[in-house]
Protein chains: 2
Amino acid sequence: MNSNITIYDVAREAAVSMATVSRVVNGNPNVKPSTRKKVQDAIDQLGYRPNAVARGLASKKTTTVGVIVPDISNIFFADLARGIEDVATMYKYNIILCNSDQNPEKEIHLLNTLLGKQVDGIIFMGGRLHEDLVREFKTSPVPIVLAATLNQDYDLPAVNIDYESAAHDAVKSLIDHGHKRIGFITGPLEQQINGEKKFAGYRSALEEANLPFDEQNVVLGNYTYDSGMKAMNQLLELGADCPRAIFAGTDEMALGVIHALQDAGHQVPQDFEVIGHDNTRLATMIRPKLTTVVQPMYDIGAVSMRLLTKILNKEEIETNDVTLPHRIEERDSTRSS
Amino acid sequence: MNSNITIYDVAREAAVSMATVSRVVNGNPNVKPSTRKKVQDAIDQLGYRPNAVARGLASKKTTTVGVIVPDISNIFFADLARGIEDVATMYKYNIILCNSDQNPEKEIHLLNTLLGKQVDGIIFMGGRLHEDLVREFKTSPVPIVLAATLNQDYDLPAVNIDYESAAHDAVKSLIDHGHKRIGFITGPLEQQINGEKKFAGYRSALEEANLPFDEQNVVLGNYTYDSGMKAMNQLLELGADCPRAIFAGTDEMALGVIHALQDAGHQVPQDFEVIGHDNTRLATMIRPKLTTVVQPMYDIGAVSMRLLTKILNKEEIETNDVTLPHRIEERDSTRSS
DNA sequence: ATAGCGAATGAAAACGTTTTACAATGAGGG
DNA sequence: CCCTCATTGTAAAACGTTTTCATTCGCTAT
């Protein structure tokens, strides 16, 4: 219907030039109210809808940002994406969403696709920043911000929580309940967030309490429910040495842990205490309800996007590397302190 | 770095015309292999990246499709979105993702934004199709397909499962276990999928077994875990009349139901049987594991996108309105038949 | 040789805007 | 009443491609 109506048609209808139409469409103040109205009427009558592609070509702004996530079907990233989208909408941006599956080649390919599409900026999430990727980031013609993604020595804009301190707090709370042995069920250690941050927090809490570090108490998972169960069962095989307090790297693994315990006839939190990480909606959908470290996913997304808009608008920025607060949500999988 | 290199630069570097460069970039076969290589070398050397916006303007194709979902942070839509994105990628499309929150005005606004951005097509999800929206759909310059969204008399392309039959099957399986009273915990009845489809399936299964319909056995929820708990507790107040078999409209509500029952000291499936709907990942994260109707969300997304590509490519299409198969996944919240 | 032909290449228009440079109009000051 | 400045409007260039049409090139068949 109105798909082939151009600014020129509007100009003719309103008996002005296309530049004038452009001015009213873009809210330029240098237009006499009477002509503004005339033009607006013509627009309404014809059902004119500006062609954003042509606009993007002429102005070199697309009001579109790219978002690269590992997997949108993961509740964690879905929440993040929602935060991003909400503030994007607020600032009149749209988002092009891409799934990388954490595949380094795919990540680079997606980056190039997005740059080809002339996005105004990019928000990136991923477990590990391959150095090739970082190189591309550095030469990107548009700003890139990392969301819930560690930055190590590269100084890219990023928003995170302090994972080390969060893990520390979680483990410490367990220690405070009198436990001497604390199990740690973690995601892949190659990922900085696990291998460096959370792990460091785990160890430092132990050290602080003068508790020995014992390798057999840390078990590898892959973030899934099943891997959580499996890891807990492995811990259970330790028999009397089995830790009676578990810190799981994600809520989903924590659920697996709890069910593995219950399947083995144990009571949570009476026999075993469990604490998760992320505070996904899962946490309240299990009995006992899961005590967990809250990582504000939605907020991280929202703040990332806000940071990006600040960069795009060349607003004053206090710091490129923002750290959001975390806390522990006490529920029923730990004994109340 | 390579952001301001144009096709013209490449043409100069390779000593050919820009038309020839365009040909090799687009894989046009009418190029002598030797010049193709010459051009390709120039492209690689300069790091040329075609400007998709300019391309879109000239060709009137953006290789971008719009996706409107109620809420990406809902696991259900996240899964769907992943299905869409995967086949979009397969066909070289990108997706612009928008959240509508099922708000009719927002839906229309998003539609217009997407059309303004010249997307090649749109995939839409929503609980209820407001008639204004349908009118816009009908006059859309680009194809629109509905995913997991009922179409009633309008004949828009759509992909769904047969919700009525799925509900029927679920309720029948409960009846087959000897239950005379079946509880139905449903989402808002204004939504066609609940008020017409699932409800009709519930009633027809009852009728078929010559069981009376009793209004007090159907309770309204709003899809959430909490509303599922609440609904079950309401049912429990019926005392001896309380149905001992429950069909919940979503898995999340089913989890609420199970926990409400367990909190009240009942055993599932010994005392009460529960069956959910959707087969989200939640279904295996509860004890007992949830028997549920599987609605293949990912597949619905994938098939929707595939349908859209078929329309875009003007491929032969058997039917505009595809119905995917459903089935019941028997797990531990029902007694094995 | 050369006409004829298909394949390869090039020139230029078109896509729908924004933006720049400038022209016309109108108002106020001397 | 003329000149100067704002103010408002106009024309046209740019944006970076695709695409159409024309031209050139390199052969084959005569």
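Every chain is numbered from 1, with letters handed out A, B, ... down the list of sequences. As the structure is a prediction and not an experimental result, all values here were calculated from the model.
Look at B:T35 and you won't find any side-chain N or O under 4.0 angstrom from OP1 or OP2 of C:dA8. OP1 or OP2 of C:dT18 lies within a sub-4.0 Å distance of a side-chain N or O belonging to A:N26. Distances shown here put every side-chain N or O of B:Y8 at or beyond 4.0 Å from the OP1 or OP2 atom of C:dA12.
Residues of residues 13-25 of chain B having a heavy atom closer than 4.0 Å to DNA chain C, listed by number: B:V16, B:S17, B:A19, B:T20, B:R23.
Salt-bridge annotation for B:K37 and B:D44: absent, with no side-chain N of the basic residue lying under 4.0 Å from a carboxylate O of the acidic one. Under a 4.0 Å N-O distance rule, the pair B:R306/B:D86 does not qualify as a salt bridge.
With rounding to whole Å, B:I7 atom CD1 is found 5 Å from D:dT17 atom P. What separates NZ of A:K60 from P of D:dC15 is a distance of 7 Å, to the nearest Å. To the nearest angstrom, C1' of D:dT19 lies 14 Å from CZ of B:R55. To the nearest angstrom, P of D:dT17 lies 19 Å from CD of B:Q118. We find that NZ of B:K61 is positioned 14 Å from C1' of D:dT19, with the value rounded to whole Å. Look at NZ on A:K38: it is 10 Å from C1' on D:dG9, rounded to the nearest Å. B:N51 places its CG atom 17 Å from the P atom of D:dA14, with the value rounded to the nearest Å. Atom CG in A:N28 sits about 14 Å away from atom C1' in D:dT10, given to the nearest Å.
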Using atom names, set out every protein N or O paired with an N or O of nucleotides 24-26 of chain D below 3.5 Å, distance rounded to 0.1 Å.
none

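Side chain of B:N26 to backbone of B:S22: a donor-acceptor contact under 3.5 angstrom is found.
Remark on DNA chain C: of its neighbouring residues B:R36 and B:A54, the 5'-side contact belongs to B:R36, judged by nearest-heavy-atom nucleotide.
You'll find that the side chain of A:L57 is closest to D:dC15, out of D:dC15, C:dT19, C:dC15. With C:dA8, C:dG16, D:dT17 as the candidates, the nucleotide lying closest to the side chain of A:T6 is C:dG16.
Checked against salt bridge (Lys or Arg N to Asp or Glu O under 4.0 Å), B:K61 has no partners two or more places apart in sequence or in another chain. Under the ring-ring contact (aromatic ring centres under 6.0 Å, His included) criterion, B:F137 pairs with B:F124, sequence neighbours left out.
A salt bridge (Lys or Arg N to Asp or Glu O under 4.0 Å) check over residues 12-32 of chain B, counting only residues at least two apart or in different chains, returns the pairs B:D9-B:R12.
Looking at A:D321 and A:T319, their side chains never bring a donor and an acceptor atom within 3.5 Å of each other.
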List, one per line, each side-chain donor-acceptor pair under 3.5 Å for residues 103-110 of chain B, sequence neighbours excluded.
from   : atom 1 : to     : atom 2 : distance (Å)
B:N103 : OD1    : B:E105 : N      : 2.9
B:N103 : OD1    : B:K106 : N      : 3.3
B:K106 : NZ     : B:D101 : OD2    : 3.0

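Taking CG from B:L115 and CG from B:L111, the interatomic distance works out to 4.5 Å, rounded to the nearest 0.5 Å.
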